[in-house]
Each structure stands twice: as C-alpha cells, then as structure tokens.
Amino acid sequence: MLNSYKRYKIKYDQLNNFSFKKGAPYILIVDWNGVFYEFLIRIRNSDKLLILGSGSFDPTRMKPPVFQRHAWIDDFKESLIYYNDPTLYLWDKLTIGWGNGTADRHYLKDVSVMLNKMILKQNYNKNNVFFYGSSAGGFMSLMLAGLIKGTTAIVNNPQTIVTNFYPHLVKQMLDVSYPNLTIEEVKKRYKDRINVIELYKKVNYVPKISYLQNISSEKDMTNHLIPFMTDLKGISEKVFADRLNIQLYADEKQGHNPIGKEETLDYINSIIK
C-alpha cells in the first residue's frame with residue numbers, strides 16, 4: 001500500500017516553499033542535514049488536523065518508515081499526517097526509538113519543528129490540531145503536544161517515562177542512541193527526552209491531554225500513569241481541572257495493547273468533535 005503513494009523528496013530549507021497537495025495521500029521525505037524524516041500526508045477539506053505516531057513494530061515483518069494505522073487513512077474525515085521515527089534507522093533490529101535520535105540530535109524535537117512549519121503553512125488553528133498514539137506513539141504524542149503549544153494529545157496506554165518500560169527494549173534504544181553513556185547518565189543529561197513531565201518542566205507548559213488507560217495493565221498504571229499524575233500535580237494544581245482528562249477501563253485480555261479500531265476511532269472522534 002505504501003509503495004503505491006507518490007513520494008516527494010526535499011531539503012529542509014525547501015519545506016517552507018513546499019506545496020501541500022489536497023486529495024490523494026503521498027509521502028514527503030525531508031532531508032535535514034543527512035537525516036531523513038518521512039511523513040505520510042493526506043490533506044482534506046477540513047479545518048482539523050490529526051497527527052499520528054507509531055509504537056513498537058516487528059522488524060521481521062516490515063521495515064521503516066513505520067506509519068502504524070496507515071490502513072485507516074480512509075476512516076478519517078480530518079487531514080492526516082503520519083510521521084516515522086528516524087531513530088529506527090540507527091540499527092536494523094531496533095523496534096522502538098521514542099524519537100530519541102542521537103546524543104547530539106533529538107529527532108523528535110526536529111519532527112516538532114517540521115510539523116509546526118506544516119501547521120502554520122496550512123493555516124491550521126492549533127486548537128484544531130491533535131496528536132494520537134498508543135504506547136511509544138502515545139509518549140511521542142504527549143511530547144509533541146508539549147512542544148507545539150495549543151495542540152491536544154490523545155493517548156492510549158502511553159509510556160510517560162521511557163526507562164520504566166520493558167528493560168530489554170529500553171536497553172536497545174539506549175545502546176544505539178547513547179552508546180557511551182550509562183542509563184543513569186542518560187536520565188541525568190537527557191531527562192527531557194525520556195520523561196514527559198521533565199519536558200513539560202523545561203518548556204514551562206502542559207498541553208491538553210485526553211489519556212485513556214487500561215487499569216488491567218498493572219505495569220502501565222504503576223510505571224507510567226501514576227508517576228505522571230503525581231509529578232504533574234507538582235507543576236500545577238490547575239492542570240487536573242482544565243488540561244488533563246483521564247478515562248479508565250478494564251480489559252485483562254488486551255493488557256498493554258490499545259483498544260480496537262472501531263473503539264479507537266470513536267474515542268478520537270469524540271474528542272476532535
């Protein structure tokens with residue numbers, strides 16, 4: 001399916017002049033100083049924009065760019081942008097990167113800069129821009145909404161502290177992104193890349209968040225939601241009243257996995273509309 005889409009390849013300094021086409025989906029590849037950032041884009045006649053991130057994937061079944069849920073592209077009436085995490089190119093067995101990039105370059109921050117340019121060029125009101133993702137895609141959505149003020153994060157069972165996720169997956173990312181540092185050194189030097197609350201503290205801002213969590217996933221509750229809520233309260237008491245909407249559900253069978261397609265579409269639509 002992805003192979004059927006037209007591709008446009010540009011340099012970063014050409015992005016401001018790029019003409020975003022309406023109608024058929026296409027892939028935009030932006031070369032920014034040797035790192036290739038890939039976006040699957042579909043622009044519709046809509047004043048709303050939904051931006052989707054991806055979680056872990058199976059490298060034996062597919063290769064980057066990874067645009068999870070791209071098969072749903074016809075199920076949305078809003079304009080869509082899917083983004084790939086270039087961290088996945090650092091090692092062919094890496095399954096999840098959380099946008100960390102390299103020690104000297106935060107890929108997710110680069111993605112935020114380019115997405116912000118796209119939003120402004122197409123005159124979207126940022127109140128009508130939404131980030132969606134689950135698991136690592138949820139983490140990146142929380143981060144991007146913090147970096148692009150005025151937007152909203154819609155997440156399902158996200159990580160909020162990368163180093164609290166499965167140790168073998170965390171180690172793989174740390175080994176390729178920060179090969180000369182211990183996990184404790186990464187936590188100290190790059191805390192705003194791996195902890196959502198630390199980013200919010202750095203930018204002095206908390207975005208609007210709709211947070212859907214399966215309480216049957218105990219590790220998600222203990223390692224991500226509860227620390228997130230606790231640390232968020234330390235930023236601002238008002239956050240819970242006017243910025244954060246948490247919805248809990250129980251599904252022992254699904255565990256950490258997100259809710260199904262139809263439920264996800266209904267959940268996203270209920271927030272966007």
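Both backbone and side-chain heavy atoms feed into the values below; hydrogens, waters and symmetry mates do not.
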**Beyond-backbone contact of L225 with D220, side-chain heavy atoms, under 4.5 angstrom** = no
**Message:** Quick check on the hydrophobic clustering: are I29 and L80 connected, directly or via other members, by side-chain heavy-atom contacts under 4.5 Å?
**Reply:** yes
**Item:** Any pair counted as salt bridge (Lys or Arg N to Asp or Glu O under 4.0 Å), so long as it reaches residues 261-273, sequence neighbours left out
**Value:** D75-K261
**Request:** Examine distances only and state if a side-chain atom of S54 and a backbone atom of Q68 form a donor-acceptor pair shorter than 3.5 Å.
**Result:** yes
**Request:** With sequence neighbours excluded, tell me which residues meet side chain to side chain contact (heavy atoms under 4.5 Å, CB included) with K22.
**Result:** I43, N45
**Message:** Going by the rule side chain to side chain contact (heavy atoms under 4.5 Å, CB included), which residues pair with N125 if we only count those two or more places apart in sequence or in a different chain?
**Reply:** N127, N128
**Prompt:** Just one of N257, I154, V155, N156 clears the side-chain contact (heavy atoms from CB on, under 4.5 Å) bar with S134, so which one?
**Reply:** N156
**Message:** side chain to side chain contact (heavy atoms under 4.5 Å, CB included) for I271 and N245? Distances and angles first, verdict last.
**Reply:** CA-CA 10 Å; I271 296 162; N245 175 25; 5.8 Å; no
**Asked** Applying the ring-ring contact (aromatic ring centres under 6.0 Å, His included) test to Y26, which of Y82, Y8, F39 qualifies?
**Response** Y8
**Complete:** Closest heavy-atom pair, D85 versus G99, reported as atoms and distance to 0.1 Å, is OD2-N, 2.8 Å
**Prompt:** Say you draw a straight line from OH of Y83 to OG of S112; how long is it, rounded to the nearest 0.5 Å?
**Reply:** 10.5 Å
**All pairs passing ring-ring contact (aromatic ring centres under 6.0 Å, His included) where residues 166-199 contributes a residue, at least two apart** = Y178-Y190
**Complete:** All heavy atoms of A136 vs all of G55, minimum pair found to be CB-CA, 3.9 Å
**Request:** Walk me through it: do S46 and K77 pass the test side chain to side chain contact (heavy atoms under 4.5 Å, CB included)?
**Result:** CA-CA 7 Å; S46 172; K77 295 181 180 179; over 6 Å; no
**Prompt:** Between atom CZ of F165 and atom CE of M173, what is the distance when rounded to the nearest 0.5 Å?
**Reply:** 11.5 Å
**Asked** Can you list every salt bridge (Lys or Arg N to Asp or Glu O under 4.0 Å) pair that touches residues 158-174, not counting sequence neighbours?
**Response** K171-D175
**Message:** Please tell me whether V113 and I10 are part of a single hydrophobic cluster in this structure, the criterion being side-chain heavy atoms less than 4.5 Å apart.
**Reply:** yes
**Over all atoms of both residues, closest heavy-atom pair of S177 and T87** = OG-CG2, 3.7 Å
Which donor-acceptor pairs under 3.5 Å do side chains of residues 11-21 form with protein atoms, sequence neighbours excluded?
{"residue": "K11", "atom": "NZ", "partner": "D31", "partner atom": "OD2", "Å": "3.0"}
{"residue": "Q14", "atom": "OE1", "partner": "K11", "partner atom": "N", "Å": "2.6"}
{"residue": "K21", "atom": "NZ", "partner": "S19", "partner atom": "O", "Å": "2.9"}

**Message:** Within the structure provided, determine whether S216 and M221 are in side-chain contact (heavy-atom separation under 4.5 Å).
**Reply:** no
**Asked** Taking S217 for the side chain and N214 for the main chain, is one N or O donor matched with an acceptor at less than 3.5 Å?
**Response** no
**Request:** Please step through side chain to side chain contact (heavy atoms under 4.5 Å, CB included) for the pair E78 and F130, ending with a clear verdict.
**Result:** CA-CA 10 Å; E78 297 77 22; F130 304 84; over 6 Å; no
**Prompt:** Between CZ of R193 and CG of L108, what distance do you get to the nearest 0.5 Å?
**Reply:** 10.0 Å
**Side chain to side chain, P86 and F36, heavy atoms closer than 4.5 Å** = no
**Prompt:** Tell me the salt bridge (Lys or Arg N to Asp or Glu O under 4.0 Å) pairs involving residues 33-49, sequence neighbours left out?
**Reply:** R42-D74
**Message:** Is there a side chain to side chain contact (heavy atoms under 4.5 Å, CB included) between I96 and Q159? Walk through the geometry before answering.
**Reply:** CA-CA 12 Å; I96 186 171; Q159 284 93 65; 4.2 Å; yes
**Request:** For the pair N269 (side chain) and L265 (backbone), establish whether a donor and an acceptor sit closer than 3.5 Å, ignoring hydrogens and angles.
**Result:** yes
**Contacts of D58 that satisfy side chain to side chain donor-acceptor pair (under 3.5 Å) - sequence neighbours left out** = T60
**Item:** Contacts of T163 that satisfy side chain to side chain contact (heavy atoms under 4.5 Å, CB included) - sequence neighbours left out
**Value:** I161, V170, I183, K187, I194
**Asked** Under 6.0 Å between ring centres, would you say that holds for Y211 and F228?
**Response** yes
Could you go through residues 197-207 and list every donor-acceptor pair under 3.5 Å that involves a side-chain atom there, pairing it with any protein atom two or more places apart or in another chain?
{"residue": "Y200", "atom": "OH", "partner": "L142", "partner atom": "O", "Å": "2.8"}
{"residue": "K202", "atom": "NZ", "partner": "D192", "partner atom": "OD2", "Å": "3.1"}
{"residue": "Y205", "atom": "OH", "partner": "G150", "partner atom": "N", "Å": "3.0"}

**Request:** Indicate the ring-plane relationship of Y37 and W32, choosing parallel, tilted or perpendicular according to the 30° and 60° boundaries.
**Result:** tilted
**Prompt:** Is there side-chain contact between K126 and K149, with at least one heavy-atom pair below 4.5 Å?
**Reply:** no
**Prompt:** Atom CG of L90 and atom CG of D92: how far apart are they, to the nearest 0.5 Å?
**Reply:** 11.0 Å
**Item:** Exceeds 12 heavy-atom contacts within 6.0 angstrom, atom NZ of K191
**Value:** no
**Euclidean distance, F67 CZ relative to I73 CD1, rounded to 0.5 Å** = 9.5 Å
**Request:** Please check if the side chain of T264 supplies one atom and the backbone of I259 the other of a donor-acceptor pair under 3.5 Å.
**Result:** yes
**Prompt:** What residue among I209, I81, L49, L115 forms side-chain contact (heavy atoms from CB on, under 4.5 Å) with F131?
**Reply:** L115
**Message:** Test of understanding: with side chain to side chain contact (heavy atoms under 4.5 Å, CB included), list the residues that count as partners of T182, not counting sequence neighbours.
**Reply:** E184, E185
**Message:** Using every non-hydrogen atom in the two residues, find where I27 and L2 come nearest and quote the distance to one decimal.
**Reply:** CD1-O, 4.0 Å
**Backbone of T160 reached by a side-chain donor or acceptor of H224 within 3.5 Å** = yes
**Asked** Is there a side-chain contact between Y89 and V35, using heavy atoms and a 4.5 Å cut-off?
**Response** no
**Request:** With rounding to the nearest 0.5 Å, note down the distance linking CD1 in I119 to OH in Y124.
**Result:** 9.5 Å
**Prompt:** Quick one: salt bridge (Lys or Arg N to Asp or Glu O under 4.0 Å) pairs with a partner in residues 101-120, sequence neighbours left out?
**Reply:** R105-D110
**Asked** Would you say the side chain of I246 lies within less than 4.5 Å of the side chain of M229, judging by non-hydrogen atoms?
**Response** yes
